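Written below as structure tokens is the structure these notes are about.
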Amino acid sequence: MFYFRIISLSFIFIGIIFVLILIFLSRKNKNLPKKINSDYNFCILIPARYESKVIEGLLKSIKNQTHKIPMSDVYVIIESKNDPTYDISKKYGASVFIRKKLNLQRKGYALDEAVKDILLHNKHYDAYFIFDADNILDKNYIKNMIPIYDKGYDLASGYRNCKNGNDSVVSASSALTFSLVNTIFNEQKNKKNRNITFSGTGFYIRGYLLEKWGGYPFHTLTEDYELSCYATLNNLTTFYNTKSIFYDEQPVRFKDTLNQRIRWIKGYFDVRKKYEKEIYKSLKISNYNKGSKIDEAFGIKPYIFMVIGLVLWLLSLVFFILYNLFLKNIVWKKYFMEFLTLFLLIYFALFVMTFVILLLEGNKINLKLKSKIKVLFYNPIFMLSYVPCAIKALTSKNVTWKRVEHGNSK
């Protein structure tokens, strides 16, 4: 048992050291935007394959924006005229793009096909806003994004709120995952001028970039994270704008979140495999974006080491409990108490983390007090379930996107 503890503690210690090194090395960054004189000729892209249940809510919120975007510059991307989404989109005056390459079934491919068609017709937009069909925009979303756009940022994401967090404790916990990414990590990256991590949609990309790329070249399972890595590697400027609020729908059933998170984890490691070497090669002391690149080079490695250490410790205790039970040795009780104590400590640490996130979010996040109390106790279990999700993702050869049924447009 002594050796198991030494190995486990070594992993945890390495993880902590990595975190401290990362904090020290990435604390300074000078990747600042340069003001670009351009107009506000914006368009909106919405991948919306069979999303008739929710698309109307998004289109209404776009039409009600205080800074208007012509509905003809709103592109709803579908696969067939038989999709009820087609008629709803036409009713609101949106442009509907019907895909042709239906063998390519990821969001990135849908966006790529639509952008290429726009460019083929010689249309120029200063910025492309990208949203999921289940999103709903605060009426000042575009208006509040313009000051960030005016500063010259190449890409910027809005504040991702949750429209159905009160439907179940699962959807509330899923929403807190994005609060963790944005409120804990991206706000700190903003302060240090480091590249943010994009999660989902609700962001803009300057038009000159899509014209340069000749489409939308991010096609992995997690095209949002791929975009994040590309932006860091190529020193693009990014910003997390808490004033531009949009609402997103989260899965209500635990089973759906499992499938979703397995895809995220698989996609994360696929993107790391694609970009990691290039990011390491680009690391130079003189690079003005070195803080972002160091941050991305480390990724979540420090936390992986800590998780591995804790899991190994718990598994070793389970082994010794079962072994001594088999031998009918009463010492199993000692190992059981140690297992229970360690598990409760981990649960308590995640409980505190959840409390801090809720505290920092305050009244911004769309959760009732009852939901906040429930999620405070449930979220630690939700976070722990990332471990089996990771095991499944890393041991499965074929992880695909699985459709999650949405609720309604409100």
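Only a predicted model underlies this, so the values are computations on that prediction, with no experimental measurement involved.
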Heavy atoms of other groups near [X] [atom1], more than 12 under 6.0 Å:
X      : atom1 : result
Asn363 : CG    : no
Lys63  : NZ    : yes
Lys68  : NZ    : yes

State whether the side chain of [X] and the backbone N or O of [Y] hold a donor-acceptor pair below 3.5 Å, judged by distance alone.
X      : Y      : result
Asn64  : Lys60  : yes
Lys277 : Lys274 : no
Thr237 : Asp154 : yes
Thr238 : Ile196 : yes
Lys101 : Glu113 : no
Gln105 : Leu102 : yes
Tyr268 : Arg263 : no
Lys266 : Ser396 : yes
Asn195 : Ser292 : no
Thr222 : Trp264 : no

**OP:** Tell me, with the steps shown, if Phe239 and Lys151 meet side-chain contact (heavy atoms from CB on, under 4.5 Å).
**Re:** CA-CA 10 Å; Phe239 192 83; Lys151 288 180 181 179; 5.7 Å; no
**OP:** Just do the side-chain contact (heavy atoms from CB on, under 4.5 Å) check on Asn161 and Asp248 with the steps written out, would you?
**Re:** CA-CA 6 Å; Asn161 212 322; Asp248 189 36; over 6 Å; no
**OP:** Name all residues meeting the side chain to side chain contact (heavy atoms under 4.5 Å, CB included) criterion together with Asn164; count only those two or more places apart in sequence or in a different chain, and write none if there are none.
**Re:**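 In terms of side chain to side chain contact (heavy atoms under 4.5 Å, CB included), with neighbours along the sequence ignored, Asn164 is linked to Cys162, Asp167, Ser171, Glu249, Gln250, Val252.
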Original post:
Angle class for the Phe42/His67 ring planes (parallel below 30°, perpendicular above 60°, tilted otherwise)?
Top reply: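 Rings of Phe42 and His67: tilted, 30 to 60°.
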**OP:** Check the angle between the aromatic planes of Phe382 and Tyr386 and answer parallel, tilted or perpendicular using the 30° and 60° thresholds.
**Re:**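 Plane angle over 60°, so perpendicular.
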Side-chain donor-acceptor pair under 3.5 Å between [X] and [Y], yes or no?
X      : Y      : value
Asn193 : Asn31  : no
Asn29  : Asn289 : yes
Asn140 : Asn144 : no
Ser26  : Lys293 : no
Glu361 : Ser179 : yes

Original post:
Among all residues two or more places apart in sequence or in another chain, which pass the side-chain hydrogen bond (donor to acceptor under 3.5 Å, both in side chains) test with Ser8?
Top reply: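 Partners of Ser8 under the side-chain hydrogen bond (donor to acceptor under 3.5 Å, both in side chains) test: none.
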**OP:** Dump the intermediate steps for side-chain contact (heavy atoms from CB on, under 4.5 Å) on Ser316 and Tyr335, then the final yes or no.
**Re:** CA-CA 9 Å; Ser316 66; Tyr335 292 123; over 6 Å; no
Nearest-0.5 Å distance, [atom1] of residue [X] to [atom2] of residue [Y]:
X      : Y      : atom1 : atom2 : answer
Asp138 : Lys143 : CG    : NZ    : 10.5 Å
Met306 : Ile304 : CE    : CD1   : 10.5 Å
Phe198 : Asn182 : CZ    : CG    : 10.0 Å
Ser168 : Lys374 : OG    : NZ    : 9.0 Å
Ile357 : Leu360 : CD1   : CG    : 8.0 Å
Met71  : Ile44  : CE    : CD1   : 7.5 Å

**OP:** Please lay out, stage by stage, how Asp134 and Lys163 fare under the test side-chain contact (heavy atoms from CB on, under 4.5 Å).
**Re:** CA-CA 9 Å; Asp134 61 319; Lys163 69 180 186 182; 4.2 Å; yes
Original post:
Just one of Tyr204, Tyr141, Phe203 clears the ring pair (Phe, Tyr, Trp, His ring centres under 6.0 Å) bar with Phe131, so which one?
Top reply: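 It is Tyr141, the one option of Tyr204, Tyr141, Phe203 that forms the ring pair (Phe, Tyr, Trp, His ring centres under 6.0 Å) with Phe131.
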Do [X] and [Y] have side-chain heavy atoms sitting under 4.5 Å apart?
X      : Y      : answer
Asn379 : Leu350 : no
Tyr40  : Tyr149 : yes
Ile12  : Ile308 : no

Holding to ring pair (Phe, Tyr, Trp, His ring centres under 6.0 Å), I want the full list of residues that pass it with [X], two or more places apart in sequence or in another chain.
X      : answer
Tyr240 : none
Phe218 : Trp213, Tyr216, Tyr230
Tyr247 : none
Tyr159 : none

Original post:
Quick one: salt bridge (charged side-chain N to carboxylate O under 4.0 Å, His left out) partners of Lys107, sequence neighbours excluded?
Top reply: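 Lys107 satisfies salt bridge (charged side-chain N to carboxylate O under 4.0 Å, His left out) with Asp132, Glu223 once adjacent residues are dropped.
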Subject >> Sequence neighbours excluded - salt bridge (Lys or Arg N to Asp or Glu O under 4.0 Å) pairs with any residue from residues 194-219 >> reply: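 As it turns out, the salt bridge (Lys or Arg N to Asp or Glu O under 4.0 Å) pairs with a partner in residues 194-219, which skip direct neighbours, are Arg194-Asp295.
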**OP:** Work out which heavy atom in Ile55 is nearest to a heavy atom in Ala48; give both atom names and the distance.
**Re:**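 Scanning both residues completely, I find the closest heavy atoms to be CD1-CB, 4.1 Å.
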Subject >> Closest non-hydrogen atom pair, Ser38 against Asp126 >> reply: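 Looks like CB-OD1, 3.9 Å.
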Can you list every pair that meets ring pair (Phe, Tyr, Trp, His ring centres under 6.0 Å) and has a residue in [range], with sequence neighbours left out?
range            : result
residues 71-118  : Tyr109-His219
residues 356-377 : Phe351-Phe377
residues 275-304 : Phe18-Phe298

Original post:
So does Lys301 pair up with Glu276, basic N to acidic O under 4.0 Å?
Top reply: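 Counted as a salt bridge, because a side-chain N and a carboxylate O are separated by less than 4.0 Å.
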Original post:
Less than 4.0 Å between a side-chain N and a carboxylate O, is that true for Lys90 and Asp87?
Top reply: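 No.
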**OP:** Begin from the C-alpha positions of Arg5 and Glu338 and carry the test salt bridge (charged side-chain N to carboxylate O under 4.0 Å, His left out) through to its verdict.
**Re:** CA-CA 12 Å; Arg5 286 175 179 168; Glu338 185 178 339; 2.3 Å; yes
Original post:
Is the Lys NZ or Arg CZ of Arg160 less than 6.0 Å from the centre of Phe246's six-membered ring, within 45° of the axis?
Top reply: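 No - Arg160 does not lie over the ring of Phe246 by the 6.0 Å and 45° rule.
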**OP:** Give every residue pair that meets the side chain to side chain donor-acceptor pair (under 3.5 Å) criterion with at least one member in residues 364-373, sequence neighbours excluded.
**Re:**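 Sorted pair list: Asn166-Ser371.
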